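Here is the structure we will look at.
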Amino acid sequence: MMLNTKEEAMQLLAQTIESADMVLVGIGKEWSGAESDVYQALSEVIDGKNYFVLTTIGDVEEAMPVIREDRILSPEEDGYAPEKWERYTKWLTGTMNRNLVLLELGVLFDHPEIIRWPFERIAYLSKKSKLFRINNSFPQLTEQLQETAVSVKINSKEFIKEMSGQA
C-alpha cells in the first residue's frame with residue numbers, strides 16, 4: 001500500500017510499532033555515511049522494543065553509541081562471524097507468531113538477498129507482520145504484499161529524523 005503523505009506513514013508506523021512485540025530493522029546503502037544523530041533518531045523510534053538491526057553497509061561505528069552491539073549485524077563488516085549470525089537467527093526464530101514490524105530503510109538492490117527479499121518473504125508468510133519500506137529510490141512492493149506492506153517514497157534518513165522530531 002502506498003500512502004498519500006509521509007505524515008500518514010509516520011502515524012501508521014508509530015501505531016504499528018507501539019503494538020508490536022518485536023521490530024526488525026533493515027538498513028541499506030541510503031544510510032551510507034549516516035551520522036550518529038540519524039541512528040539516535042532510529043533509536044528513539046524503536047525505543048522500548050525488542051529489536052534487531054541488519055545492515056548492508058559497513059560503516060556502523062556511528063550506530064554503536066545508540067544501537068546495542070549484540071543487536072546489529074553487518075555482513076559487509078562482520079563477514080561470516082558464526083556467533084553473530086547465530087545470534088541473529090536465534091532472535092529471528094523468536095519472532096514466530098509475534099506481532100513483528102519489518103522496517104526497511106533505504107535498501108537498494110546491491111544485496112537483495114540479505115534484507116529486501118527475506119523481509120518480503122517474512123511479510124508474505126507471517127500474518128502477524130507488517131513491512132514498512134521507506135526508500136527514495138526503490139519503494140516498490142510486489143503484488144503479493146500490497147495488503148501487508150506499506151511503501152513510502154522518501155529519503156529514509158530524513159523520514160526517521162522527522163518521525164523522531166529531530167528534523
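These numbers were taken from a predicted model, which means no experiment stands behind them.
For the pair D70 and R87, the salt-bridge criterion is not met [side-chain N within less than 4.0 Å of a carboxylate O].
In this structure, K153 contributes its side chain and N136 its backbone to a donor-acceptor pair below 3.5 Å. A donor-acceptor pair is defined here as one N or O able to donate and one able to accept, closer than 3.5 Å; such a pair exists between the side chain of R133 and the backbone of Q140. With hydrogens and angles disregarded, a donor-acceptor distance shorter than 3.5 Å links the side chain of K49 to the backbone of A20. In this structure a side-chain-to-backbone donor-acceptor pair under 3.5 Å is present from N135 to V107. No side-chain donor-acceptor contact under 3.5 Å links T148 to the backbone of K130. A distance-only check finds no donor-acceptor pair linking the side chain of S126 to the backbone of A123 [under 3.5 Å].
Nearest heavy-atom pair, S19 versus N99, reported as atom, atom and distance to 0.1 Å: O-ND2, 3.8 Å. Residues L102 and F119 come closest through the heavy atom pair CD1-O, 3.5 Å. The two residues P75 and L54 have their closest heavy-atom pair at CD-CD1, 4.3 Å. Minimum heavy-atom separation, Q146 to T142: NE2-O, 3.2 Å.
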Legend entry - Test side-chain contact (heavy atoms from CB on, under 4.5 Å) applied to D37 and K161, step by step: CA-CA 8 Å; D37 66 324; K161 284 173 64 175; 3.4 Å; yes
Inset, instruction - Could you walk me through whether F132 and V101 pass the side-chain contact (heavy atoms from CB on, under 4.5 Å) test, one step at a time? - result: CA-CA 8 Å; F132 286 82; V101 171; 4.1 Å; yes
Inset, instruction - Let me see the working for V150 and L131 under side-chain contact (heavy atoms from CB on, under 4.5 Å), right down to the final yes or no. - result: CA-CA 6 Å; V150 174; L131 170 63; over 6 Å; no
Inset, instruction - Could you check E162 against K6 for side-chain contact (heavy atoms from CB on, under 4.5 Å), going step by step and ending with a plain yes or no? - result: CA-CA 10 Å; E162 188 170 333; K6 69 179 173 187; 2.8 Å; yes
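Residues L100 and V23 are not in side-chain contact: their nearest non-hydrogen atoms beyond the backbone lie 4.5 Å or more apart. Contact check for T56 versus I115: side-chain heavy atoms found under the 4.5 Å cut-off.
Y88 pairs with exactly one of T93, V53, L24 by the side-chain contact (heavy atoms from CB on, under 4.5 Å) rule, that one being L24.
To the nearest 0.5 Å, atom OG1 of residue T55 and atom CG of residue L73 are 9.0 Å apart. Taken from CG in L42 to OG in S164, the straight-line distance is 9.0 Å, to the nearest 0.5 Å. If you take CZ on F52 and OG1 on T95, they are separated by 12.0 Å, rounding to the nearest 0.5 Å. Annotation: the span from K84 atom NZ to S74 atom OG amounts to 8.5 Å, rounded to 0.5 Å. Distance check: L103 CG to I17 CD1 gives 5.5 Å after rounding to the nearest 0.5 Å. Rounding to the nearest 0.5 Å places OH of Y39 at 5.0 Å from CD1 of I27.
Residues I160 and L108 are members of separate hydrophobic clusters, defined by side-chain heavy-atom contacts under 4.5 angstrom among Ile, Leu, Val, Met, Phe, Trp and Tyr. Grouping the Ile, Leu, Val, Met, Phe, Trp and Tyr side chains by contacts below 4.5 angstrom, directly or via other members, places I154 with M10. Residue W117 is not grouped with residue Y124 when hydrophobic side chains (ILVMFWY) are merged at heavy-atom distances under 4.5 angstrom, including chains of intermediate members. Under the 4.5 Å side-chain heavy-atom criterion for ILVMFWY residues, no single connected hydrophobic cluster contains both I122 and M96.
Atom CD of Q15 is surrounded by more than 12 heavy atoms from other residues, nucleotides or ligands within 6.0 Å. Heavy-atom contacts from other residues, nucleotides or ligands closer than 6.0 Å to CD of E18 number 12 or fewer.
Among pairs with a residue in residues 20-34, those fulfilling side-chain hydrogen bond (donor to acceptor under 3.5 Å, both in side chains) read K29-E76, E30-S156, W31-S156, at least two apart in sequence or across chains.
Looking at residues two or more places apart in sequence or on another chain, you find a salt bridge (Lys or Arg N to Asp or Glu O under 4.0 Å) between R116 and E104.
Between F109 and F138, the angle of the ring planes goes over 60°, which puts this pair in the perpendicular group of the 30/60° scheme.
Side-chain contact of E44 with Q40: a donor-acceptor pair under 3.5 Å is present, judged by distance alone.
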